[in-house]
Number of protein chains: 2
Amino acid sequence: MPPVAPRSGDAIFANVERVNAELFTLTYGAIVRQLLTDLEEAEVVNKQLDQMGYNIGIRLIDEFLAKSNVSRCNDFRETTDVIAKVGFKMFLGVTASVTNWDADGTCCSIVLEDNPLVDFVELPDNCQGLYYCNILSGVIRGALDMVSMKTEVTWLRDVLRGDDVFELQVKLLKHVPEEYPYKDDE
Amino acid sequence: MPPVAPRSGDAIFANVERVNAELFTLTYGAIVRQLLTDLEEAEVVNKQLDQMGYNIGIRLIDEFLAKSNVSRCNDFRETTDVIAKVGFKMFLGVTASVTNWDADGTCCSIVLEDNPLVDFVELPDNCQGLYYCNILSGVIRGALDMVSMKTEVTWLRDVLRGDDVFELQVKLLKHVPEEYPYKDDE
């Protein structure tokens with residue numbers, strides 16, 4: 001458990017401005033449909049959704065830090081715990097859990113049982129290569145990037161592909177120490 | 001005021017599943033940015049947003065009817081009143097007002113002072129032809145289509161273009177009476 005006590009995701013979620021989840025779900029569905037029409041290849045759509053998520057994540061982190069009282073996580077383990085327990089609750093209203101840590105604490109899985117993005121969604125046969133929720137992996141990658149953690153985020157399980165839960169593997173590639181006052185070229 | 005008493009938008013909004021408004025705003029912004037990149041022309045993006053909204057509207061109407069206790073509106077005047085007072089509240093958490101009725105009651109304006117879609121949004125100079133919120137006009141058109149009202153929905157004022165409020169003109173083109181058991185070819 002994190003030594004800094006963040007506000008609970010429930011408490012934050014109850015106090016932030018919100019919109020109807022079905023509107024969000026249908027709007028997200030409209031994006032994916034649009035990208036499939038414009039870009040055709042599922043692989044290209046996956047990449048685009050990830051990039052859109054990244055752009056959202058680098059902005060959403062500000063709202064997260066402002067509202068959650070989470071000031072500084074000591075390590076990657078604490079960070080992923082906060083994402084799962086506070087972040088998912090605060091933004092999507094659902095809770096996730098963290099499992100499958102590797103031995104050196106740089107790779108784990110975030111498991112989601114409930115995911116408002118996929119309500120009413122079924123993938124047609126010609127979209128089997130699609131990671132429908134790929135915007136989420138981008139959001140996590142973008143948000144972590146802004147707190148100096150370069151990560152790789154990959155779907156291991158996906159309910160739309162027949163799995164029982166959603167499982168996102170988050171792998172820490174590089175932790176850029178914040179005390180150095182330089183910026184990445186990227 | 002409508003003779004059938006619908007549930008208040010506030011009461012419904014308090015009880016539906018919701019997601020964080022900032023996530024929704026940023027996600028919508030990501031769609032618009034993506035469409036501008038892919039389609040380039042503001043006019044084409046406007047059309048696409050409207051079409052995406054239409055596809056959302058024809059599904060959202062079900063949630064609306066299921067949750068709002070609004071069973072049947074007697075006329076166009078009552079319908080627009082319900083959209084403004086119940087619909088906007090239920091989905092976006094904001095209230096709109098209806099004004100500028102024409103003499104025969106087939107054209108009016110829905111005025112929105114608060115609009116979560118545009119938080120943090122500024123249009124760059126090369127996007128001046130864009131109707132950023134055009135998805136909303138599509139949603140209204142789609143939803144009304146499903147209750148047999150063919151409409152034309154046009155932006156008259158837009159805060160992002162320097163106006164003080166958002167004003168959507170809704171014009172009833174054709175009210176297809178429901179008692180005829182036929183389907184439109186469209």
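Numbered from 1 within each chain, the chains take letters A, B, ... in sequence-line order.
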Open item on the list: Membership question, hydrophobic clusters at under 4.5 Å side-chain separation (ILVMFWY): are A:L36 and B:V44 in the same one?
Closed with: yes
Besides A:V165, the hydrophobic cluster formed by Ile, Leu, Val, Met, Phe, Trp and Tyr side chains linked at under 4.5 Å, directly or via other members, contains A:V111
Taken in chain and number order and not counting sequence neighbours, the residues that satisfy side chain to side chain contact (heavy atoms under 4.5 Å, CB included) with B:A42 are B:L130
When A:L26, A:V19, A:L23 are each screened for side-chain contact (heavy atoms from CB on, under 4.5 Å) with B:F91, the one that passes is A:L23
Interface check, chain B: of A:G29, A:A30, A:G93, A:G53, most non-hydrogen pairs under 4.5 Å belong to A:A30
Step through the atoms of chain B and chain A and list each donor-acceptor pair whose separation is under 3.5 Å.
from	atom 1	to	atom 2	distance (Å)
B:E17	O	A:A21	N	2.7
B:V19	N	A:V19	O	2.9
B:V19	O	A:V19	N	2.9
B:N20	N	A:F91	O	3.0
B:N20	ND2	A:E63	OE2	3.4
B:N20	ND2	A:M90	O	3.2
B:A21	N	A:E17	O	2.7
B:Q34	OE1	A:Q48	NE2	2.5
B:Q48	NE2	A:Q34	OE1	2.5
B:E63	OE2	A:N20	ND2	3.4
B:M90	O	A:N20	ND2	3.2
B:F91	O	A:N20	N	3.0

For A:A96, the side chain to side chain contact (heavy atoms under 4.5 Å, CB included) test, sequence neighbours excluded, returns A:A84, A:F88, A:I110, A:L112
